[in-house]
Amino acid sequence: MMITDEDLRTETLAFNARFEATAASRPQRAGAPDATLLAGLRRNRLGGDTPPVRLPQGRDRILDCGVRVRVFRPDHVDGVYLHIHGGGWMFGSADGQDERLWRLAERARLAVVSVEYRLAPEHPFPAGPDDCEAAARWLVEHAAAEFGTERLLIGGESAGAHLGVVTLLRLRDRHGITGAFRAAHLLFGPYDLSMTPSQRSFGSRPLLSNTDTLRWTYEQCTPGMGAEQRRDPEVSPMYADLTGLPPARFVVGTEDPLLDDSVFLAGRWRAAGAPARLEVVAGAMHGFTLFPLTVTERQLHREQEFLAAAGR
């Protein structure tokens, strides 16, 4: 396991401490979802208290399969990146990080297609995976005509990373599609919804995610399921056969309750025969790339480099 960005550990940990100090002012997630809480969290940028910036370069579209997407298309397109946003399957949106996605599109020469999948608890599992699968199938069939390339990439953050892996598995198992997506970029995803040791032991430390918030989120997106049911490979890709999947880059922080998820899945990914690059970021909490940190800029640059080069 490679620990990266040790030179920034002090700065990153100092940000974590400031974040914890403001915990009392953030909405608490417990019990049945409150409509007002949901509306507020969905209105604002993930990890923030203001609405996201919508750029004119983004185009909203409804695909033939009925799924809404937001498309960013630079002047030069060398590939298409299917992006799946995070937010615990309950929050976030395809237009929640226009600035980051447009920068990625321009610098990596990628058309970026971000999926507006249905959210829990109104639309619990498997609604979100169904939408991501449908968008991925549409790209497999139409990317060449729409974007002039068949070089497809997939990825996302947190719940989006989970949905990215689930989508690859569904393409393989339900449609016999392997190799269409040439690489996966997976940031701090939850891959075992029955909870890995790091998820269970993290405790209630008030960072962006902890044991309590993870458990609450799982209850909302997979209602009525117990731990054993959540070990179904269709729910938790940690338990799936991973053969035939593309090269992947995994990123997670040392202060993330989902640390084990990336470490374990990267190991299983390699064991199944595909390259898997794992970066464990010193001092970083869950969702750290949402915040204006030096380590965030480094990671976004590495993401651009990986996706620009992947699958050629």
Side-chain angles (χ1 to χ4, degrees), residues 1-23 26 45-48 85-88 97 99-100 103-104 107-108 155-162 164-165 183-192 195-214 238 247-270 275-310:
M1 181 172 70
M2 177 175 64
I3 305 292
T4 69
D5 307 291
E6 286 280 9
D7 60 316
L8 297 176
R9 182 188 288 269
T10 299
E11 175 192 325
T12 306
L13 289 174
F15 174 81
N16 295 353
R18 293 193 299 272
F19 189 93
E20 289 186 77
T22 63
R26 295 193 296 273
R45 181 182 64 83
L46 283 175
H85 70 79
Q97 43 190 321
E99 293 164 307
R100 175 192 162 201
R103 183 169 71 169
L104 173 63
R107 295 185 181 179
E157 312 85 38
S158 193
H162 165 271
V165 180
H185 191 266
L186 307 168
L187 294 178
F188 37 77
Y191 307 117
D192 180 358
M195 305 190 83
T196 52
S198 64
Q199 290 190 47
R200 293 194 300 269
S201 64
F202 191 84
S204 57
R205 187 178 175 195
L207 293 174
L208 191 66
S209 188
N210 59 38
T211 300
D212 301 329
T213 59
L214 286 170
M238 188 73 74
R249 177 176 184 252
F250 294 85
V251 178
V252 69
T254 59
E255 307 303 305
D256 192 330
L258 298 172
L259 173 61
D260 283 351
D261 293 63
S262 288
V263 174
F264 294 170
L265 193 66
R268 294 204 61 240
W269 206 278
R270 293 189 202 100
R277 175 176 164 188
L278 171 66
E279 294 182 29
V280 180
V281 181
M285 70 173 179
H286 185 72
F288 70 93
T289 55
L290 294 169
F291 303 99
L293 298 165
T294 305
V295 73
T296 295
E297 285 304 310
R298 280 192 188 173
Q299 280 299 326
L300 294 181
H301 180 71
R302 292 171 190 161
E303 175 184 43
Q304 292 158 16
E305 287 187 325
F306 175 82
L307 291 173

Main-chain N/O of [Y] paired to [X] side chain as donor or acceptor, under 3.5 Å:
X    : Y    : value
Q199 : D192 : yes
R200 : M195 : yes
T213 : S209 : no
T296 : P292 : no

Q: Ignoring hydrogens and angles, state whether a donor on the side chain of E305 or H301 is under 3.5 Å from an acceptor on the partner side chain.
A: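 There is such a pair (donor and acceptor under 3.5 Å, judged by atom type) between the side chains of E305 and H301.
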
Q. Between the side chains of T289 and E157, is a donor N or O closer than 3.5 angstrom to an acceptor N or O?
A.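 The criterion, which ignores hydrogens and geometry beyond distance, is not satisfied for E157 and T289.
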
Give the minimum heavy-atom separation between [X] and [Y], together with the two atoms involved.
X    : Y    : answer
Q299 : T4   : NE2-OG1, 4.3 Å
W269 : P275 : CD1-O, 3.7 Å
R270 : L278 : NH2-CB, 3.7 Å
F250 : L265 : CE2-CD2, 3.7 Å

Q | E99 and R45 ion-paired at < 4.0 Å | A |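 Between R45 and E99 there is no salt bridge, as every charged N stays at least 4.0 Å from the carboxylate O atoms.
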
Q: Give me the ring orientation class for H185 and F306: parallel if the planes are under 30° apart, tilted from 30 to 60°, perpendicular past 60°.
A: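 Correct class here is tilted.
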
Q | salt bridge (charged side-chain N to carboxylate O under 4.0 Å, His left out) between R100 and E303, intermediate numbers included | A | CA-CA 11 Å; R100 175 192 162 201; E303 175 184 43; 2.4 Å; yes

(Q) Do F288 and T12 have side chains that approach each other closer than 4.5 Å (heavy atoms only, starting at C-beta)? (A)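 The answer is no; the side chains never approach within 4.5 Å.
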
